Amino acid sequence: MASRPMPALTALRSVTAGASNQAGLLPQDPLSGLRVAYIPNANDHDPSRHFRKLILGALRRAGLKVRVLDLAHTGRDMIARVLEECEVIWVGGGNSFYLLQELRRSGAGQLIARLVDHGKPYVGVSAGAVVAAPDIAYIEPMDSREMAPELQDTKGLALTGMRIIPHLGNAMMGKAAKAIRDKAAKESGPSMTHAVSDMEALIVKDDEIRRLNQRD
């Protein structure tokens, strides 16, 4: 089946926003009817699934046709089918190391990298944005690596060359976000380090970066 036109998302490579606010940054009409593969596994360790429910509700209210792709309970053939059929890949927040572990274990990470390289839009929220970097070791002051005992190294999906740091200014994680930002900026330079608050998003197209704010 041919993909539908996506005027608002054609250029989208990676977006990051706060776990509960990202849907408010999305335009409504251009997204209506788009098929979205939503990967929620970064917060598998949250028994309440609170943010997962919030995100699903917000995406469906925006008119998106959401297919939940649970990497822990879906075979590789079905994962590939869903990712290829859907027009947008949306990866939710939680623990970045655990998410990377599950993306590798399921084979989804390699497939996502190939699809994004061929132009498929990728939306990463919090941990979903972190794993888009070439390496995610920088996020350890915020996320516990102990949550991913099977993870052998911290190489990310490399969808972008940037280090994206979520939750700047957040009451619980803002202090860690600021420390990570300052250290990462020294190591890789300010132009390759982008911290965002829970009210912001980044749109990345090739080397062009645009910052959105929910208050705009």
Side-chain angles (χ1 to χ4, degrees), residues 12 14-28 31 34-74 79 82-83 86 88-103 105-106 108-109 112 121-133 136 139-148 151 156-157 159 164-177 180 194-203 212-215:
L12 188 62
S14 177
V15 170
T16 178
S20 60
N21 298 309
Q22 71 274 15
L25 292 159
L26 296 173
Q28 299 297 308
L31 300 181
L34 289 180
R35 294 164 296 180
V36 176
Y38 168 51
I39 297 176
N41 296 93
N43 78 338
D44 277 351
H45 295 90
D46 176 11
S48 72
R49 301 292 196 267
H50 174 66
F51 288 123
R52 188 177 300 193
K53 294 172 185 175
L54 283 177
I55 292 171
L56 278 173
L59 294 179
R60 286 169 175 159
R61 285 192 298 272
L64 296 164
K65 295 180 179 179
V66 184
R67 293 192 65 176
V68 178
L69 188 54
D70 186 340
L71 302 181
H73 299 97
T74 308
I79 289 173
V82 172
L83 289 174
C86 288
V88 178
I89 299 169
W90 188 294
V91 183
N95 184 279
S96 303
F97 296 104
Y98 177 78
L99 173 60
L100 183 60
Q101 171 186 285
E102 293 306 289
L103 288 168
R105 182 196 57 76
S106 64
I112 288 171
Y122 174 92
V123 180
V125 179
S126 188
V130 172
V131 298
I136 72 167
I139 206 68
E140 193 162 2
M142 183 181 295
D143 286 352
S144 172
R145 189 170 175 178
E146 293 181 359
M147 301 291 283
L151 190 65
L157 302 184
L159 307 183
I164 300 174
I165 305 160
H167 306 304
L168 188 66
N170 180 281
M172 293 181 62
M173 293 174 282
K175 185 176 180 180
I180 294 168
H194 295 271
V196 293
S197 74
D198 291 350
M199 303 294 288
E200 294 178 307
L202 296 177
I203 296 181
L212 301 180
N213 194 303
Q214 194 171 15
R215 301 185 187 90

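The structure displayed is predicted, hence computed values, not measured ones.
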**Student:** Could you pull out the closest heavy-atom pair between N43 and R52, with the gap in Å?
**Tutor:**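 The answer is OD1-NH2, 3.0 Å.
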**Student:** Check whether any side-chain heavy atom of E140 sits under 4.5 Å from a side-chain heavy atom of F97, and report yes or no.
**Tutor:**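 Yes; the side chains approach each other to less than 4.5 Å.
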**Student:** Which heavy-atom pair separates G156 from I136 by the least distance, and what is that distance?
**Tutor:**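 Of all heavy-atom pairs spanning G156 and I136, the closest is CA-CG2, 4.3 Å.
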**Student:** Can you measure from CD1 (I55) to CZ (R60) and round to the nearest 0.5 angstrom?
**Tutor:**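 The distance works out to 12.0 Å.
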**Student:** Would you check if S106 and T74 make a side-chain contact, meaning some heavy-atom pair closer than 4.5 Å?
**Tutor:**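 Not touching, per the 4.5 Å side-chain cut-off.
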**Student:** Would you name the heavy atoms of L99 and G92 that are closest together and state the gap between them?
**Tutor:**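 Taking every non-hydrogen atom into account, CD2-O, 4.1 Å.
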**Student:** State, yes or no, whether a side-chain contact exists between I39 and I112 at a heavy-atom distance under 4.5 Å.
**Tutor:**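 Yes, at least one pair of side-chain atoms sits under 4.5 Å.
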**Student:** CG of L83 to OH of Y122: how many Å apart, nearest 0.5 Å?
**Tutor:**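 One gets 11.0 Å once the value is rounded to the nearest 0.5 Å.
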**Student:** Would you call Y38 and L64 a side-chain contact if the rule is heavy atoms closer than 4.5 Å?
**Tutor:**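 Contact flag for Y38/L64 side chains = no.
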**Student:** Roughly how far, to the nearest 0.5 Å, is the CG atom of L151 from the CD atom of E146?
**Tutor:**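 Here the interatomic distance stands at 13.0 Å.
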**Student:** Locate the shortest heavy-atom distance separating Y98 from M147; write the atom from each residue and the value.
**Tutor:**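 In terms of heavy atoms, the two residues are closest at CD1-O, 3.4 Å.
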**Student:** Over all heavy atoms of both residues, which pair between A195 and L168 is shortest? Give the atoms and the distance, please.
**Tutor:**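 For A195 and L168, the tightest heavy-atom pair comes out as CB-CD2, 4.0 Å.
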**Student:** List in chain and number order the residues that pass side chain to side chain donor-acceptor pair (under 3.5 Å) with N41, two or more places apart in sequence or in another chain; answer none if no residue qualifies.
**Tutor:**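 Checked N41 against side chain to side chain donor-acceptor pair (under 3.5 Å); matches are D44, D70.
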**Student:** For a side-chain contact (heavy atoms from CB on, under 4.5 Å) with I180, tell me which candidate from K175, M142, M173 qualifies.
**Tutor:**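 That would be M142; it is the only one of K175, M142, M173 passing the side-chain contact (heavy atoms from CB on, under 4.5 Å) with I180.
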**Student:** When rounded to the nearest 0.5 angstrom, what is the spacing between CD1 in I164 and OG in S126?
**Tutor:**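 Spacing of CD1 (I164) from OG (S126) equals 11.0 Å.
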**Student:** State, to 0.1 Å, how close C86 and R67 come at their nearest heavy-atom pair, and which atoms those are.
**Tutor:**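 Scanning both residues, the minimum pair turns out to be SG-CD, 4.1 Å.
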**Student:** Can you tell me how far CG of L71 sits from CD1 of I79, rounded to the nearest 0.5 angstrom?
**Tutor:**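 It comes to 5.0 Å.
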**Student:** Atom CG in L100, atom CD1 in I139: separation rounded to 0.5 Å?
**Tutor:**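 If I round to the nearest 0.5 Å, the distance is 12.5 Å.
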